[in-house]
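Heads up, the thing below is written out as structure tokens.
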Amino acid sequence: MVDYLPEAIEARWQAAWNDAAVFESEVDSSRPKFYCLEMFPYPSGQMHMGHVRNYSIGDSMARFRRLAGFNVLYPMGYDSFGMPAENAARKMGGHPHDVTWSNIESIRSDLKRMGFSYDWRRELATSDSSYYRWNQWIFLKFHEMGLVERRTAPVNWCDDCDTVLANEQVKNNRCWRCAGEVRQKDMAQWFLKMTEYADELLDSLEGIEFPENVKAMQRNWIGRSHGVDIHFPIVDSDEVIQAFTTRPDTIFGVTFVTLAPEHPLCEDLVKGTEFEADYRELADECAKISEFDRINMLRDKKGVFLGRYATNPLTGESVPIYAGNFVVASYGTGAVMAVPGHDQRDHDFAKKYDIPIVQVLSEEQNKDPKVTGRAFEGLGWMVNSGRDGFDGLYGDEAKATVIGTLEAESMGSGTIQYRLKDWLLSRQRFWGTPIPFIHCESCGVVPVQDADLPVELPLDVVFTEGESGNPLASHDGFVNTSCPSCGGAAKRETDTMDTFYDSSWYFLRFADALNNTAPFDKINADYWMEDGVDLYIGGIEHAVMHLLYARFFTKALRDAGLNDVSEPFSRLVCQGMVNAPTPFCVDCNVEYHVDLEGSPCPTCGNALGSRSAKMSKSLGNTVSPEIMIEKYGADTVRLFILFGANPEAGMDWSDSAIESNHRQMRAIHASLLQGIENQSDAGEMDEWLLARARRAQSDWANNMADVSLRDGVMISHFEMVADWQWAQRRGGVSANAGREYLMNWIPMLYPATPHLAEETWRMLDNKEMLAETVLNFDRPVGESDSIIIGREEYLKRVVDRARSVRELAERHIEGELSAVTIQTAHVWKVELSSQAIEMHDGDFDFKEGGNKFLQSQQCFQDESTKGDVMQFWRALVVGQKKRRGRIHTWGNQERALVSSRFDEVAFISENADFIASALGIGTVEVYRAGEGEDVAGKARTSLPLEPGIAWR
RNA sequence: GCAGGGGUUCCCGAGUGGUCAAAGGGGGCGGACUCAAGAUCCGCUGUCAAGCGCUUCGCAGGUUCGAAUCCUGCCCCCUGCACCA
């Protein structure tokens with residue numbers, strides 16, 4: 001037999017697929033399409049296990065869908081703009097372009113070595129001007145649509161990255177990329193008005209198949225809250241404070257109003273008064289620390305009275321105005337109506353500054369509110385309202401009535417607030433898409449003409465270590481230009497685009513990647529993107545950033561008329577982490593670098609244990625895909641990845657598990673060769689094996705269609721081998737049946753381990769490669785299969801049960817066991833059973849008519865067995881204690897077997913030799929209960945499919 | 001605090017009313033083959049008095065003829081958001 005040699009097999013088929021261009025796909029409206037996409041990689045160097053996992057999942061789905069007849073679009077590209085290449089260029093004194101391209105080449109060869117079935121013609125790199133020119137083109141389109149805005153605003157600045165960041169890219173006040181601290185800075189920046197799509201982005205989440213947590217994160221991020229802007233006129237002034245609240249039902253409990261210290265009214269109110277000094281102190285303090293710290297680090301709420309009063313618009317009461325450090329200027333209106341009776345934060349503040357607390361909602365209808373010493377924040381019934389017509393109202397009705405009154409009196413209006421902000425997309429960095437605008441002293445900020453696109457990044461830029469700032473700004477050849485409008489001397493914008501911009505539409509570009517007259521053609525986009533990308537696979541880390549931007553882009557481009565689709569991804573699968581063991585100190589709860597394995601904990605000195613942690617360079621617990629491929633072959637790595645865990649679960653790297661998967665590949669290979677070389681004419685197990693194959697294939701196809709790859713692979717790569725081996729043990733299969741089995745099995749091996757599948761498919765003399773073969777997986781599984789499979793399971797069960805009673809028998813019997821005696825159930829039991837099954841299918845009421853039926857039966861007439869019959873009938877239709885009657889517990893397979901009057905005696909006799917050898921016993925006797933000696937009194941307890949088994 | 005997801009046998013993990021002492025894998029144990037090792041194959045892997053037995057699916061109750069599965073309360077873990085008015 002030939003050894004399993006993956007390198008040779010894999011190289012051969014990768015070349016064959018490539019030569020035949022089988023993975024290239026075109027628009028074909030006669031076939032159903034399947035767009036399979038993975039989040040494309042940032043080319044940081046070599047492929048890592050996270051990539052291997054992501055793309056192994058995608059590739060097996062793409063291959064599965066092709067096999068099932070879909071027209072599959074499965075492209076790959078590189079998200080190749082971004083800071084690491086720029087930083088590397090600085091360090092090594094090169095150009096980011098060169099760094100990027102050498103990385104792309106390295107990762108491409110890794111991808112090819114894994115055998116992923118991409119349509120390589122569509123390969124793209126976002127840092128290529130043939131791609132980013134369309135970034136610019138789209139930007140100008142958005143500008144025409146009024147979605148682009150340049151404005152001065154406080155923005156998030158990352159010192160380490162030397163650039164601004166969008167809100168989505170700041171996590172806990174730290175940069176998402178480098179984890180450096182972010183500070184606020186006022187700058188003129190470019191924004192995309194994503195907020196115009198806030199409602200659609202939120203509402204259409206309902207209809208797409210995203211994991212719940214991703215949807216929750218997006219909902220949370222968009223943060224829509226319905227409320228009302230209430231006007232609080234300032235006493236002795238024309239100014240009005242607009243306060244946003246979601247709880248207008250508490251308006252009668254307002255005892256003060258709080259402004260953010262940055263609120264412009266603060267200045268006006270305190271200027272020149274005795275309160276100015278205190279206010280200034282607070283404002284300065286707040287200005288010094290970031291908004292984040294103010295909100296997060298401040299446990300104590302601080303405020304200062306501003307010396308003035310505002311009027312409650314519904315009661316005319318005057319309430320003091322404070323500036324408070326806990327009020328966020330950028331949310332709502334930067335002013336809060338404070339209701340200490342029903343808001344804990346206001347309650348704390350009121351206590352501290354001795355402001356009255358008024359309760360205006362009651363927890364119980366028609367009762368006074370309980371005084372609890374804290375704020376009641378739930379919904380309640382209005383009480384103590386300062387005006388008639390409000391007391392007794394509850395919840396939404398209370399809110400609506402207040403809003404209605406305010407609107408009628410022009411003292412407020414219902415509004416919706418969002419947490420989502422416009423997307424700040426300019427970056428003060430070199431390695432990104434230049435923003436296609438020109439600054440002209442006389443015409444202002446002017447868009448570049450379409451005809452002048454692309455605005456290309458210059459290649460003659462020198463990067464030097466330690467230099468900060470954007471080298472574009474000092475590149476005269478780039479900066480100096482003429483105004484498209486007046487022709488005068490002008491300067492180019494030197495900010496570039498956030499790289500998330502690049503990935504916000506790349507899935508549309510893939511639909512028509514070679515187009516050089518438009519970003520993509522509508523016909524192509526509408527075909528491939530109908531109902532969105534059918535399967536999108538990637539990491540959870542982009543839940544709010546990339547996935548939200550891409551959804552926004554798709555809608556905005558739709559409104560620009562470029563495509564019909566509104567949601568880019570119809571089904572999202574976030575693959576879990578790949579973890580690996582790393583040293584861990586239980587006492588300190590700290591993970592350490594693998595170099596410390598075997599050493600004591602550097603902190604507490606105790607012995608280090610081990611636990612699974614995300615593979616990372618910093619822990620050193622990474623495993624190199626290249627080395628694994630070299631050692632075991634790509635197919636084994638793919639099998640390990642897919643079998644290790646279902647796509648969404650985390651998985652642990654294990655050396656012994658990949659070892660064991662490699663053994664499994666060899667076992668599969670050996671079984672396949674055995675099948676191919678099999679010359680046998682006789683095949684005792686033909687029927688069974690083929691029935692098993694039909695069932696397995698149907699289950700497998702269902703699992704695969706559902707992206708339950710682990711379950712699918714379990715069937716194709718484990719159960720199919722086990723069945724094959726069982727068939728060999730049980731008498732073997734004929735050459736023809738074996739071949740048919742392989743014809744079913746090999747395609748099932750193909751999605752996960754395509755190389756071995758293709759190799760053995762060819763050995764079966766198939767002319768077409770599996771890569772170009774279409775199969776029908778919807779074949780019905782017949783009832784006769786149930787009986788065939790059920791019989792074999794019956795045999796296994798008999799052997800199992802015989803084994804389990806053997807030990808007992810050995811204790812009871814002196815000397816060696818010589819025989820096993822199997823007594824199958826009495827004929828009348830089988831008859832009653834099949835009748836009961838039939839009756840049960842016809843919804844017979846056994847409680848009602850069971851006894852009457854039984855009395856009419858022949859077997860019931862014999863006084864000597866009457867008791868047994870009665871007892872059996874109960875076990876059959878009613879059951880006892882915990883176990884329900886057999887007609888309920890039997891599955892379809894058992895029922896079919898019993899109904900078919902399966903002859904247990906004949907079947908066991910035929911297989912007596914096998915049973916004897918499986919049990920290691922000389923003699924197997926079998927007869928129907930009552931037709932031979934009742935060994936160990938097992939005749940009575942025998943049931944259909946559960947014969948009495950005794951040893952002697 | 002809010003939102004989302006979890007807690008299953010030695011470990012990972014499937015299981016959403018009865019076919020469940022609970023798939024599959026890992027690990028462990030035993031056996032076959034072998035001079036030996038590896039590889040491969042087979043079996044066992046809650047418990048006992050071996051059964052219509054007993055105990056077990058985070059904890060405590062409840063519904064049901066019957067609960068890992070449904071309901072209520074509680075505890076714990078992970079993820080995201082957060083003085084958001």
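The chains referred to below are lettered A, B, ... by the order of the sequence lines, with proteins before strands, and numbering in each begins at 1. Values reported hereafter were calculated over all heavy atoms of this structure, with side chains retained and with hydrogens, waters and symmetry mates removed.
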Return the pairing partner of [N] with a 3.5 Å limit on both distances, Watson-Crick or G-U wobble; otherwise return none.
{"N": "B/rG66", "value": "none"}
{"N": "B/rU40", "value": "B/rA32"}
{"N": "B/rA14", "value": "none"}

Between A/E206 and A/K215, does at least one N-O distance fall below 4.0 Å, as a salt bridge requires?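 Here A/E206 does not pair with A/K215 in a salt bridge, since their nearest N and O are not under 4.0 Å apart.
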Quick one: do A/D249 and A/K399 make a salt bridge, cutoff under 4.0 Å?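 No, this pair does not count.
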Do [X] and [Y] meet the criterion of a side-chain donor-acceptor pair at a distance under 3.5 Å?
{"X": "A/N167", "Y": "A/R419", "result": "no"}
{"X": "A/E541", "Y": "A/W176", "result": "no"}
{"X": "A/T195", "Y": "A/D422", "result": "yes"}
{"X": "A/Q664", "Y": "A/H717", "result": "no"}

Between N or O atoms, less than 3.5 Å apart, protein on one side and nucleotides 1-8 of chain B on the other: list the pairs.
unit_1 : atom_1 : unit_2 : atom_2 : d
B/rG4  : O2'    : A/N213 : N      : 3.4

Protein-nucleotides 26-33 of chain B N/O pairs closer than 3.5 Å?
unit_1 : atom_1 : unit_2 : atom_2 : d
B/rG26 : OP1    : A/S660 : OG     : 3.2

Length of the CD1-C1' vector between A/I715 and B/rA14, whole Å: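 Nearest whole value for this atom pair: 13 Å.
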Quick one: is A/Q417 getting a side-chain N or O under 4.0 Å of the B/rC84 phosphate, OP1 or OP2?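 Checking A/Q417 against B/rC84: no side-chain N or O falls below 4.0 Å of OP1 or OP2.
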So, is A/R710 near the phosphate of B/rC12, with a side-chain N or O under 4.0 Å from OP1 or OP2?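 So the side chain of A/R710 is outside the cut-off, no N or O lying under 4.0 Å from OP1 or OP2 of B/rC12.
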Taking the ring of A/F718 and the ring of A/W700, is the distance between their centroids below 6.0 Å?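 No, they do not, as the ring centres are separated by 6.0 Å or more.
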Nearest-Å distance once atom C1' is located in both B/rG51 and B/rG58: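 Between the two C1' atoms, the distance is 31 Å.
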Hey, can you tell me if A/Y353 and A/F349 have their rings parallel, tilted or perpendicular (30° and 60° cut-offs)?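 The rings of A/Y353 and A/F349 sit tilted, inter-plane angle from 30° to 60°.
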